[in-house]
Every structure is written in C-alpha cells, then in structure tokens.
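The structure under discussion appears below in the form of structure tokens.
The shown structure was predicted, so the numbers you read here are calculated from the model rather than taken from an experiment.
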Amino acid sequence: MLRRVNAGKVLGVLNRAQVMTGTGLIEATGLTRATVHAVCNDLISMGWVVELDPGRTTVGRPSRRFEFNGRAGYVLGIDIGAAKTTVLVSDLRGETVAKAGRSAAGVKTAGERTGIVHATVVEALTSAGVSDAEVLAAGAGVAAPVDRDGNILVDDEFWRRFDSGLAARLTELHGWPVLLENDANLATLGEHWRGEARNVDDLVVLLAGERFGSGLMDSGRLLHGSRGGAGEMVFLKLLEGVGDTHGIARIAREEGTRAVADPSVRTALSELATDGEVTAEQVFSAAEAGDKVALGILQDIAARTARVVATLGILFNPELVVLGGAVADAASALLPDLDKQLAGYTSTPPRVAVSSLGDAIVSVGAVRHALNYVEQNALDLELGCRLG
C-alpha cells in the first residue's frame, strides 16, 4: 500500500511538471531521497517513467532527471448525456488524441443507450489508432446519482434511462475498468483541473442545460453524500420562484415558444421559429440583437437562476459558482442581471463565472477522473502499449 501511495505521488508530480530531477521530486513529494529513487526505479522498469541524460555538471555528481511517459497508455473520458454521448481519448498527460460523438435521439431503453456508448467508444479508439489493450481506464459520467462505489441510483424515472450495469457491460466488451460518476461531479473535476476554477478548492459547478444539476467541492474534495445524492437539485421543486429542476436551455426554449404562439406579441423570434417552436440558441441570439421579448426572457431566466445560485451559496458557501454545460457560451449574457439579483439575496454572494470548457466539461472531467485512478493504481496496471 505504501509503495502504491508513493508511486501515485511521484507520478502526479511528474505528470504536472513533465521533467524533474530527483531533488525536485524530493521537495515536491516530501519523500526521502532513497524512497524517491526506489520508486522511480520501479516506475522506469514498468515503463511509466523515462530517465533522461543528466547532462554535464561542473560540481559533484549530476542529478538524475526523470520524465513521465505520457504515451505509456491512454484513458477515455465518456459523457453519457440524455441527448448525446461524447468520448475523448487522452494520453496520460491529459492531452486529447481523438474525439467522437453520437446522438442518442430516439433511444428508449437503457440497453440501446449502452449500445450507443459502445459504438462511440469504438469510433473514438479507431480514430486515435488506439487498441483496447492500450487503454488503462475510462471515466464515465451519467446524469444520475452515483455512490462512492460507482453504483447508479435508479429510483427516478429520468435516471432509469441509464443502465445500472453499464460499467460492467463496457468492461466485458473492452477489458478496461470503467469508473462511473455523476456528470456534475465530473464537470467539477474538469473545471478544477482545466477550467475557470483552477486554484479554487471551494466550488460549485452548476450544469444548467435541460435540467439543473450541481457538483460540490469542499477544500478540494468532491462531496458525494451517503448514496451519491449530494448536489442533486430536486429541492428546487420546493424553492419559491423556481418550482422545478428545468435548466436554462429548457426555460429559454419554452418561454420563446410561448411568446411565438401569442399573436399579440411582436418579436423577432417569430421569424426564427420552425413549426411554431424556437431553440434556446435562437432566444439568446435574438436577445443579443436587441429583441425586447427575448431580452425579457433572459431577465426572467437570470432572476430564476439567481435564486438557485443564492441557495447553493448560502448552503455551501463556495468561493465560486461556475455555470456549465451546453448553454455555457450563451450564459455569459445572464451574468450582469444575475449578479444584481444575487446581491439582494445575500451580503456575501459567491463569485459567478461561465465555464470555458463548453459542452466538453463532463468528458474533460471524466478524463481527469480516469487519470486519478491511473496515478493511484500505477503499480497494479499492466501497460499494453509502446513504451518510451
């Protein structure tokens, strides 16, 4: 166990720093010189680390220099959304090698959804030129509560869309471990790693597309709750001024469609509508062009979202709340009104930002989840790819 923990420390530092000397690793990990060199020797023999030429020195013995082997294997980041499945293939430095996505429109059973996930994985691996033997782990996000052991809670009609045996089925098909996690939790890992929340350890990420969902981080640690339900937003049904879990995209679409259906309302949305319906993107676009009806819809959404953010801020006291998901690009238009509303609810409102990761927020977090697993279990994993 101690060797595994020490190996995880060394790999984590090397992964971030790319190249380090033995002295640098000692300072960064807090391990003794003998332990660092013993761990590095183990990792070199297994293919995780490459020892570089120490170079010339004028005084004393040259320091050993180590580099993390980012192509020692690959991980997958899988976002199993209600409407679409997205798969990222990443090397062990977290750099994307390939990406694939498939629509889940018309899917009615959990088995069909698993089939789409499998097909998307095959497409992504083929595009990357990576075999199943080269994959060390996959992180996968679903829009349902997932407990600490990776079990999906399926006692809700919406959550039953996801196969509770999904991880086992994918492992049977491909051979690598699948680490299931709630999508908002993975979005939080992604933001903390490569988004707006770098260096922020007290954080809420609010996925705000079709349904509100939140991931909670306290002192750099994800909160799950006893059955994986921490951050679930069902309480919004009890919140005055909100009343349901409908997200920004759904509210924009439904309010825009109602406006178009009213013959007394004059709005540019009428010209954009298809069969009497408008999209959330069209509402945001019309508002940007100055359409008064669309601007009014955005004001309503900002007021509603402010109640949600204020409640999360009061309950969990985060430093930052990040709005993420498919609506992230457009959601920046809400921030001025949202900030004004927040100031009226609490004297210490959290800072609010919009994710820069766009619709990749969950899959990026899934990659980070898989990389964490690899770093922690490096001594137990067999490398099936080219070394060096």
_Ion pair E181/R368, N-O distance below 4.0 Å_ =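 Salt bridge between E181 and R368, a charged N being under 4.0 Å from a carboxylate O: no.
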_Between the side chains of R194 and E95, is the shortest nitrogen-to-carboxylate-oxygen separation below 4.0 Å, so that they form an ion pair?_
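Judged by the 4.0 Å cut-off on N to carboxylate O distance, E95 and R194 do form a salt bridge.
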*Partners meeting salt bridge (Lys or Arg N to Asp or Glu O under 4.0 Å) with D329 (sequence neighbours left out)*: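 Per chain and number, D329 pairs via salt bridge (Lys or Arg N to Asp or Glu O under 4.0 Å) with no residue.
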How far apart are the closest heavy atoms of [X] and [Y], and which atoms are they?
{"X": "D91", "Y": "G70", "answer": "CB-O, 3.4 Å"}
{"X": "S363", "Y": "T86", "answer": "OG-CG2, 4.3 Å"}
{"X": "L269", "Y": "A286", "answer": "CD2-CB, 3.7 Å"}
{"X": "A187", "Y": "V205", "answer": "CB-CG1, 3.9 Å"}
{"X": "A124", "Y": "A98", "answer": "O-CB, 3.6 Å"}
{"X": "A28", "Y": "M20", "answer": "CB-CE, 4.3 Å"}

*asked:* Using side chain to side chain contact (heavy atoms under 4.5 Å, CB included), reason through L207 and V362 one step at a time and then give a plain yes or no.
replied: CA-CA 10 Å; L207 293 183; V362 174; 4.2 Å; yes
Is the shortest heavy-atom distance from the side chain of [X] to the side chain of [Y] under 4.5 Å?
{"X": "T188", "Y": "L216", "result": "no"}
{"X": "L357", "Y": "W193", "result": "no"}
{"X": "D202", "Y": "S219", "result": "yes"}
{"X": "V283", "Y": "E255", "result": "no"}
{"X": "N15", "Y": "W48", "result": "no"}
{"X": "P145", "Y": "R227", "result": "no"}
{"X": "N69", "Y": "L92", "result": "no"}
{"X": "N377", "Y": "R4", "result": "yes"}

Give a yes or no answer on whether the side chain of [X] reaches the backbone of [Y] with a donor-acceptor pair at less than 3.5 Å.
{"X": "R33", "Y": "T23", "value": "no"}
{"X": "Q341", "Y": "A306", "value": "no"}
{"X": "E375", "Y": "G8", "value": "no"}
{"X": "R113", "Y": "G81", "value": "yes"}
{"X": "T245", "Y": "F212", "value": "no"}

Out of [options], which residue meets the side chain to side chain contact (heavy atoms under 4.5 Å, CB included) rule with [X]?
{"X": "R351", "options": "D339, V321, V200", "result": "V200"}
{"X": "V36", "options": "V13, N41, T29", "result": "T29"}
{"X": "V117", "options": "V122, L173, L170, V142", "result": "L170"}
{"X": "L342", "options": "D337, V309, T305", "result": "V309"}

[X] with [Y], same ILVMFWY side-chain cluster at under 4.5 Å:
{"X": "V204", "Y": "V234", "result": "no"}
{"X": "L379", "Y": "F68", "result": "yes"}
{"X": "I301", "Y": "L239", "result": "yes"}
{"X": "L180", "Y": "I116", "result": "no"}
{"X": "L223", "Y": "V322", "result": "no"}

What's the separation between atom [atom1] in [X] and atom [atom2] in [Y], rounded to the nearest 0.5 Å?
{"X": "L179", "Y": "H369", "atom1": "CG", "atom2": "NE2", "value": "5.0 Å"}
{"X": "E254", "Y": "I297", "atom1": "CD", "atom2": "CD1", "value": "11.0 Å"}
{"X": "R198", "Y": "L320", "atom1": "CZ", "atom2": "CG", "value": "12.5 Å"}
{"X": "L25", "Y": "K9", "atom1": "CG", "atom2": "NZ", "value": "12.5 Å"}
{"X": "F66", "Y": "I44", "atom1": "CZ", "atom2": "CD1", "value": "5.0 Å"}
{"X": "H246", "Y": "R211", "atom1": "NE2", "atom2": "CZ", "value": "8.5 Å"}

Give a yes or no on whether [X] atom [atom1] has more than 12 heavy-atom contacts from other residues, nucleotides or ligands under 6.0 Å away.
{"X": "E112", "atom1": "CD", "answer": "yes"}
{"X": "E271", "atom1": "CD", "answer": "no"}
{"X": "R266", "atom1": "CZ", "answer": "no"}

_By the ring-ring contact (aromatic ring centres under 6.0 Å, His included) test, which pairs, at least two apart or in different chains, include something from residues 114-143?_
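Residue pairs passing ring-ring contact (aromatic ring centres under 6.0 Å, His included), neighbours aside: H118-H174.
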_Run M217 and N185 through side chain to side chain contact (heavy atoms under 4.5 Å, CB included) and show every step you take._
CA-CA 8 Å; M217 181 173 283; N185 284 348; over 6 Å; no
*T257-E277 side chain donor-acceptor pair, cut-off 3.5 Å*: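 Absent: no donor and acceptor within the cut-off.
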*Would you please say whether a donor-acceptor pair under 3.5 Å links the side chains of T120 and E123?*
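Their side chains do not contain a donor-acceptor pair, so the 3.5 Å distance test is not met.
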*Please test L76 against W176 for side chain to side chain contact (heavy atoms under 4.5 Å, CB included), starting from the C-alpha separation and ending with a verdict.*
CA-CA 10 Å; L76 303 184; W176 24 260; 3.6 Å; yes
*Please step through side chain to side chain contact (heavy atoms under 4.5 Å, CB included) for the pair M233 and L312, ending with a clear verdict.*
CA-CA 10 Å; M233 306 294 282; L312 291 169; 4.0 Å; yes
_Residue pair K237, E232: steps toward the salt bridge (charged side-chain N to carboxylate O under 4.0 Å, His left out) verdict_ = CA-CA 12 Å; K237 296 178 181 180; E232 287 300 323; over 6 Å; no
